[in-house]
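Only one structure is covered here, and it is reproduced in the block below.
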Amino acid sequence: GESGTGKELVARAIHSGSPRSAAAFVPVNCGSIPETLLESELFGYVKGAFTGATESRAGFFQAADGGTIFLDEIGDVSMPVQLKLLQVLQERTFSPVGSHEKMRFNGRVMAATNKPLDAIRSQGQFRDDFFYRLCSDVIVVPSLRERLQENPRELDAILAHVVQRILGEAAPDLVQRVRDVLNRDVGPDYPWPGNVREL
């Protein structure tokens, strides 16, 4: 789905409605972690693994064990890290950086991207074997533009939810005022390039 469509919210809802809901939901924005640190953040590291590793540290996979790890912006992950993630998906094991010890991962892996995977696969930037292991189920989160084209009244429901979340209570008068401003300033055909986040 496009940026701002609520992909993480979808992942959280799936986690919350699953038998794993009592365990951790660990979101990781892979695009915001420098490539040189991503592997150690995901899998942890042992003391002495690299300069500055003065003590061992658990990674996101250990934090999500028993629950769900959500890998956002998976389309930005390098081929070497994709290969290590493929091992987790296939064998359910990983090794912290600087260690040969295999650790088991008993949890769900969900991932999201705003990049067209078919395009980056055809360009050789995303491994086919990783794609097939990762994408057993694919959910396309529609853009706000597509949602409103299909059902323009959905804007009122989203506005009511946002206003209630901000105020802590329903406020139909304020929702109507916001709706009036949107009608006046952006109009019904506005494309919402930032999606729900922009709204």
Side-chain angles (χ1 to χ4, degrees), residues 1-33 60 64 67-77 82 85 89 107-123 125-128 130-199:
E2 293 178 13
S3 181
T5 55
K7 296 180 293 292
E8 183 176 333
L9 294 176
V10 171
R12 281 185 188 277
I14 292 169
H15 171 75
S16 295
S18 76
R20 296 186 181 277
S21 62
F25 175 85
V26 179
V28 181
N29 186 330
C30 298
S32 70
I33 300 172
F60 291 123
T68 302
I69 187 166
F70 174 64
L71 304 172
D72 199 5
E73 303 307 341
I74 196 70
D76 294 337
V77 173
Q82 288 177 36
L85 288 169
L89 295 173
R108 176 189 287 122
V109 177
M110 287 195 277
T113 184
N114 61 10
K115 294 183 176 181
L117 282 176
D118 289 339
I120 61 176
R121 283 174 56 212
S122 67
Q123 295 164 2
Q125 297 172 351
F126 203 85
R127 296 177 58 100
D128 284 335
F130 181 49
F131 172 80
Y132 292 121
R133 275 288 178 186
L134 184 64
C135 296
S136 60
D137 296 303
V138 177
I139 298 170
V140 177
V141 181
S143 66
L144 182 58
R145 172 184 63 261
E146 293 168 316
R147 291 168 66 179
L148 296 180
Q149 285 171 352
E150 187 175 303
N151 180 6
R153 294 181 54 112
E154 191 169 347
L155 182 60
D156 294 324
I158 295 170
L159 288 175
H161 174 76
V162 170
V163 168
Q164 182 169 356
R165 188 165 177 199
I166 291 170
L167 296 179
E169 61 186 12
D173 293 343
L174 183 55
V175 170
Q176 188 55 53
R177 286 173 49 198
V178 172
R179 187 69 151 107
D180 292 343
V181 169
L182 289 175
N183 286 338
R184 183 190 71 217
D185 293 351
V186 300
D189 297 324
Y190 183 67
W192 295 104
N195 290 295
V196 178
R197 184 181 296 136
E198 178 185 5
L199 174 62

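Just so you know, these numbers use all the heavy atoms, side chains as well, and skip hydrogens, waters and symmetry mates. Fair warning: this is a prediction, and the values are worked out from it, not measured in the lab. In this chain, numbering begins with 1 at the start of the sequence shown.
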Can you find a heavy atom in the side chain of [X] that is under 4.5 Å from one in the side chain of [Y]?
| X | Y | result |
| --- | --- | --- |
| Val196 | Arg147 | yes |
| Val175 | Val162 | no |
| Val77 | Phe130 | no |

**Message:** So for atom CG, which belongs to Asp180, do other residues, nucleotides or ligands contribute more than 12 heavy atoms lying within a distance under 6.0 Å?
**Reply:** yes
**Message:** Does atom CD (Gln123) have a neighbourhood of more than 12 heavy atoms from anything else shown, all under 6.0 Å?
**Reply:** yes
Could you pull out the closest heavy-atom pair between [X] and [Y], with the gap in Å?
| X | Y | value |
| --- | --- | --- |
| Ala11 | Phe70 | CB-CD1, 3.5 Å |
| Ser21 | Ser16 | CB-O, 3.3 Å |
| Gln164 | Ala170 | CG-N, 3.9 Å |
| Pro152 | Gln149 | CD-O, 4.5 Å |
| Gly31 | Glu73 | N-CB, 3.8 Å |

**Request:** Could you list all the ring pair (Phe, Tyr, Trp, His ring centres under 6.0 Å) pairs where at least one residue sits in residues 151-197, not counting sequence neighbours?
**Result:** Tyr190-Trp192
Rounded to the nearest 0.5 Å, what separates atom [atom1] in [X] from atom [atom2] in [Y]?
| X | Y | atom1 | atom2 | value |
| --- | --- | --- | --- | --- |
| Arg179 | Leu159 | CZ | CG | 6.5 Å |
| Leu144 | Glu154 | CG | CD | 7.5 Å |
| Leu199 | Arg197 | CG | CZ | 12.5 Å |
| Gln125 | Gln82 | CD | CD | 9.5 Å |
| Leu85 | Cys30 | CG | SG | 7.0 Å |
| Arg12 | Met110 | CZ | CE | 10.0 Å |

With no hydrogens and no angle check, is any side-chain donor or acceptor of [X] less than 3.5 Å from a backbone partner on [Y]?
| X | Y | answer |
| --- | --- | --- |
| Glu146 | Ser143 | yes |
| His15 | Ala23 | yes |
| Asn195 | Glu2 | no |
| Thr5 | Gly1 | no |

**Request:** Report the C-alpha distance between Asp72 and Val28 in whole Å, list the side-chain angles of each, state the deciding distance to 0.1 Å, and finish with yes or no for side chain to side chain contact (heavy atoms under 4.5 Å, CB included).
**Result:** CA-CA 6 Å; Asp72 199 5; Val28 181; over 6 Å; no
**Prompt:** Using 30° and 60° as the class limits, which term best fits the ring planes of Phe131 and Phe126: parallel, tilted or perpendicular?
**Reply:** perpendicular
**Asked** side chain to side chain contact (heavy atoms under 4.5 Å, CB included) between Ile69 and Leu71: does it pass, once the steps are laid out?
**Response** CA-CA 6 Å; Ile69 187 166; Leu71 304 172; 3.9 Å; yes
**side chain to side chain donor-acceptor pair (under 3.5 Å) partners of residues 107-120, not counting sequence neighbours, each pair once** = Ser18-Arg108, Thr68-Arg108, Asp76-Lys115, Asp118-Arg121
